Chemist: 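Sharing a structure, written as structure tokens. Questions coming.
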Amino acid sequence: MNAHELRSTYIEFFVSRGHAQIQGKSLLPDNDPTVLFTTAGMHPLVPYILGQEHPAGRRLTNYQKCIRTGDIDAVGDPGHLTFFEMLGNWSLGDYFKEEAIKMSFEFLTSPQCLGIPLEKLGVTVFEGDDAAPRDEESAAVWKSLGIPEERISYRPRSDNWWGPAGATGPCGPDSEMFIDMGKEPCGPDCAPGCACGKWLEIWNDVFMQYNKTADGMYEPLARTCVDTGMGIERTITILNGKKSVYDTEIFAPIIAAVEKASPYTYGTDVEKDKSTRIIADHTRAATFILGDPRGVSPSNVGAGYVLRRLIRRAVRHGRKLGIEGIMLSPIARVIIEQLSGPYPELAQNQGFIIEEFDKEEAKFLETLLKGEREFEKLLPNLLKDPRRLMSGRLAFKLYDTYGFPIELTEELAAEQGMTVNRAEFDDAFKKHQELSRAGSEQRFKGGLADQGDMSVKYHTATHLMHQALRMVLGDHVAQKGSNITAERMRFDFSHNAPMSSEELIRVELIVNEQIKRDMPVIMNVMSLEEAKDYGAIALFGEKYEPQVKVYTIGDFSKEVCGGPHVERTGTLGVFKIQKEQSSSAGVRRIRAVLE
Ligand code: SER
């Protein structure tokens, strides 16, 4: 079965069972400041899952284009994709677990549909915890359909709970469906859901029962809903017994197009194969972002920034394959032709897509050329070194001054038969980080003494960012330090991992949204006890007076704080994160400006 057949078989099946086929939506979601892209088929349906009536009824099905950029660095590995298509069927207060599972089972096993033999199927269900009960109901339905007990695996919340898609929204326990790949079990506990590679997941039935609110509460939904999601690329890979999604008919023409643009033949070098796959994936994702009816161009903010990163990363990998000039638009043409049937917007926007690819590529090539020119200027001196070793400090200077990636400096050096002293580069890089850290610790002592206009603005922006970080990363985020000058704000907070670019962009978006809303900032004096009841965030390890000031910013943030603050958020300007880095173990540091 190929992707086109899977798409139409799925839709026909659910239409024949009373579902209305609805259009997939834009990749750029409406009115949702907590995510940049549509990340799942259910995403555009959130308002309906929360209770609104859908004009097409209570049983819906569709295919939806999706983008997930959280793990952009894993792209090129066998299973990872930035762009993918998701098939789904929904019940909005209509059927629930029993009927959903029965329909899933029929679609998986019926010879008219996927025709998967019963003995190859396994499932997982939610094992239950303090917040929601063990899902015996789903397990019983699977059993009644003939799935033996040992292939029904109870798993914890980390595996069998889905959502919300953003910081808030509908969520619930799920039941996932797996195919046995025929490998030996990895041990006595190997069961569906095990990550050893014996069981591969192809479908997910989510039983939406809760709405996660901004303050982290789970409130029951007015009506229970079903949200199912089947990734087309993944399912095609598994159904056709391929090891990697990049080995399927979906990617074959795209990889052939990359090969055509480059002197490299796919399948002859592990690293270059990976570069080829990254180019294929990123070009596909970028083609869909550019081709979206909401048409975004590469830029330095929001979705445009992700688009720019995708294009530039593809170009860099193109150079690893020995591609010199413009390369992406011919690959994009293949993608447009392949997918304009189900996504006519690609053909409609072809002119724009091609133009934007060419423009952005040319711009990036220019930056690269600048770096190369600087390298050439250094070359005569470099060649005098009998050890053929380029100093790491010099490589660091290219990085620091021109943004020229170290990998490219290494490549240029290699072309001259030289190597870069990487240890020295890493050292310079680290020292630079330590220096700026030491400097900032000095300045941290400055506190809030400065009450000039700009500092007051930064102070309010700090409250907005603190709350936005809690929404995007979770409630474990707590302030560990804050330092403000008239030029910038710096904020240390507890969090265990580097933030992804998508998380940073989301924080920026949320803060800028609150600025745009021009909300009033109001101060009340209350006892510390009252402040806690009121739900205000209190600062780290501070000794409070019995009566404290609480600053409330619209409906968005409440924080115990000495002030001062601006009167309305609309005066802050545009908030921009410049840097996110480690500060100490378990503590991250953000530097941001208002422009
Ligand atoms: N929302 C669920 C998922 O993305 C099912 O559609 O897996």
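In each ligand, atom 1 is the first atom listed, and ligand 1 is the first ligand listed. As the structure is a prediction and not an experimental result, all values here were calculated from the model.
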Chemist: Contact between ligand 1 and M86 is defined here as a heavy atom of the residue under 4.0 Å from a ligand atom; is it met?
Modeler: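 The answer is yes: ligand 1 sits under 4.0 Å from a heavy atom of M86.
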Chemist: Quick one: look up the protein heavy atom nearest atom 7 (O) of ligand 1 and list residue, atom name and how far away it is.
Modeler: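 I find the closest protein heavy atom is N204 ND2, 3.2 Å.
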Chemist: Should the pair H466 and F491 be assigned to parallel (<30°), tilted (30 to 60°) or perpendicular (>60°) ring geometry?
Modeler: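 The rings of H466 and F491 sit tilted, inter-plane angle from 30° to 60°.
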Chemist: Counting heavy atoms only, which part of R68 comes closer than 4.0 Å to ligand 1: side chain, backbone, both or neither?
Modeler: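 Answer for R68: side chain.
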Chemist: For atom 6 (O) of ligand 1, what is the nearest protein heavy atom, given as residue, atom name and distance?
Modeler: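 Going by distance alone, atom 6 (O) of ligand 1 is nearest to D227 OD1, 2.8 Å.
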Chemist: How are the rings of F14 and W203 set relative to one another: parallel (under 30°), tilted (30 to 60°) or perpendicular (over 60°)?
Modeler: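 Taking W203 first and then F14, their aromatic rings stand perpendicular (interplane angle over 60°).
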Chemist: Between F288 and F84, is the ring centre distance below 6.0 Å?
Modeler: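 No, they do not, as the ring centres are separated by 6.0 Å or more.
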Chemist: Side chain, backbone, both or neither: which part of T228 comes within less than 4.0 Å of ligand 1 when only heavy atoms are counted?
Modeler: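 It is the backbone that touches ligand 1; the side chain stays farther off.
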Chemist: Can you list the ligand 1 atoms lying under 4.0 Å from a non-hydrogen atom of G229?
Modeler: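 Per the distance check, 5 (C), 6 (O).
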Chemist: Just which atoms of ligand 1 are under 4.0 Å from any heavy atom in V206?
Modeler: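 The atoms of ligand 1 under 4.0 Å from a heavy atom of V206 are 2 (C), 5 (C).
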Chemist: Distance under 6.0 Å and angle within 45° of the ring axis: does R157 meet both against Y218?
Modeler: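 Judged by the rule (NZ or CZ under 6.0 Å from the ring centre, within 45° of its axis), R157 counts as positioned above Y218.
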Chemist: Aromatic ring centroids of W90 and Y48 under 6.0 Å?
Modeler: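 Aromatic pair excluded; centres sit 6.0 Å or further apart.
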Chemist: Minimum heavy-atom separation for S340 to A347, with atom names?
Modeler: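 Scanning both residues completely, I find the closest heavy atoms to be OG-N, 3.1 Å.
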Chemist: So which protein heavy atom does atom 3 (C) of ligand 1 come closest to, and at what separation?
Modeler: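 Nearest protein contact, heavy atoms only, for atom 3 (C) of ligand 1 is W162 NE1, 3.2 Å.
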Chemist: Using a 4.0 Å cutoff against the non-hydrogen atoms of A40, which atoms of ligand 1 qualify?
Modeler: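 Answer, ordered by atom number: 4 (O).
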Chemist: Please determine if R517 forms a cation-pi arrangement with F556, meaning its NZ or CZ atom is less than 6.0 Å from the six-membered ring centre and no more than 45° off the ring axis.
Modeler: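 The answer is no, since R517 fails at least one limit relative to F556.
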Chemist: With respect to M42, determine whether any N or O atom, backbone or side chain, lies less than 3.5 Å from an N or O atom of ligand 1.
Modeler: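 No; the residue has no nitrogen or oxygen that sits under 3.5 Å from a nitrogen or oxygen of the ligand.
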